[in-house]
Amino acid sequence: MLAAAQARAMIAADAVKTAEQNLLNEREAAMDFSADDHVVEAYSRWLPVGRAALERARGLEQDVAMEVEASRTRLTLARAAFEAVEKLMDIRRQEEEAVSRRKEQNALDDIAGRVRSASEAEPE
């Protein structure tokens with residue numbers, strides 16, 4: 001999800017750059033002293049459209065930036081949960097090993113007790 005959001009962020013950033021560049025190009029064309037009145041009139045009609053396109057691109061860029069941050073937060077939470085599960089599994093494994101060692105020690109103690117009882121019961 002994070003990679004997809006980052007890809008969308010790059011696309012949105014490119015759209016902002018394109019809209020900004022379009023505004024600059026159109027303004028330069030209208031400001032050219034060799035341009036006739038039709039170019040200036042066309043620019044004045046186009047300018048609200050160009051500004052609206054830039055605002056939409058900037059809005060999308062902000063939305064996608066929030067999506068990237070949300071994805072980063074989800075990833076951080078998922079990593080933390082994964083680490084917690086790993087620690088829990090490690091604790092349980094250690095507990096199981098301790099139980100197994102206690103059972104083994106109890107069995108050895110039982111055998112040692114039987115050997116002692118048997119050797120004490122034998123007449124000398």
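For reference, positions follow the sequence shown, starting with 1. Note that these values count all heavy atoms, side chains included, but never hydrogens, waters or copies made by symmetry. Model, not experiment: these values are computed from the prediction.
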Engineer: Could you measure the distance from the CD atom of E67 to the CD atom of Q6? Nearest 0.5 Å is fine.
Structural biologist: 10.5 Å
Engineer: Does a salt bridge link R116 with E120, judged by any charged N lying under 4.0 Å from a carboxylate O?
Structural biologist: no
Engineer: Between D36 and V39 (side chain of the first, backbone of the second, donor and acceptor by atom type, cut-off under 3.5 Å), is there such a pair?
Structural biologist: yes
Engineer: What are the two closest heavy atoms between A9 and V68, and how far apart are they?
Structural biologist: CB-CG2, 4.0 Å
Engineer: Can you list everything that forms a side chain to side chain donor-acceptor pair (under 3.5 Å) with R72? Sequence neighbours excluded, please.
Structural biologist: E69
Engineer: Would you say that more than 12 heavy atoms from the other residues, nucleotides or ligands in this model lie under 6.0 Å from the CG of D37, or not?
Structural biologist: no
Engineer: Looking at A5 and S71, what are the two nearest heavy atoms and their distance?
Structural biologist: CB-OG, 4.0 Å
Engineer: Apply salt bridge (charged side-chain N to carboxylate O under 4.0 Å, His left out) to residues R101 and E104 and explain how you reach the verdict.
Structural biologist: CA-CA 5 Å; R101 283 192 304 270; E104 189 175 307; over 6 Å; no
Engineer: To which residues is I111 joined in a hydrophobic cluster, defined by side-chain heavy-atom contacts under 4.5 Å among Ile, Leu, Val, Met, Phe, Trp and Tyr, whether direct or through other members?
Structural biologist: V115
Engineer: So that I can tick it off, tell me whether D90 and R93 are bridged by a salt bridge, with the cut-off set at under 4.0 angstrom between side-chain N and carboxylate O.
Structural biologist: yes
Engineer: Does the side-chain contact (heavy atoms from CB on, under 4.5 Å) test come out yes or no for E96 and V99, once each step is laid out?
Structural biologist: CA-CA 5 Å; E96 288 171 359; V99 166; 5.7 Å; no
Engineer: Is a donor on one side and an acceptor on the other found under 3.5 Å between the side chain of S117 and the backbone of R114?
Structural biologist: no
Engineer: Are T18 and Q21 close enough that some pair of their side-chain heavy atoms sits under 4.5 Å apart?
Structural biologist: no
Engineer: Quick one about N22 and E26 (side-chain donor to acceptor, distance below 3.5 Å, no hydrogens or angles considered), yes or no?
Structural biologist: no
Engineer: I would like to know whether L24 and E20 meet side-chain contact (heavy atoms from CB on, under 4.5 Å); could you show each step before the answer?
Structural biologist: CA-CA 6 Å; L24 290 174; E20 289 172 341; 5.6 Å; no
Engineer: So which residues get pulled into V16's cluster when ILVMFWY side chains under 4.5 Å apart are joined, directly or through others?
Structural biologist: L23, Y43, W46, L47, L54
Engineer: With a 4.0 Å cut-off on N to O distance, would you call E86 and R79 a salt bridge?
Structural biologist: no
Engineer: May I ask you to test the R92-L88 pair for a side-chain heavy-atom distance under 4.5 Å?
Structural biologist: yes
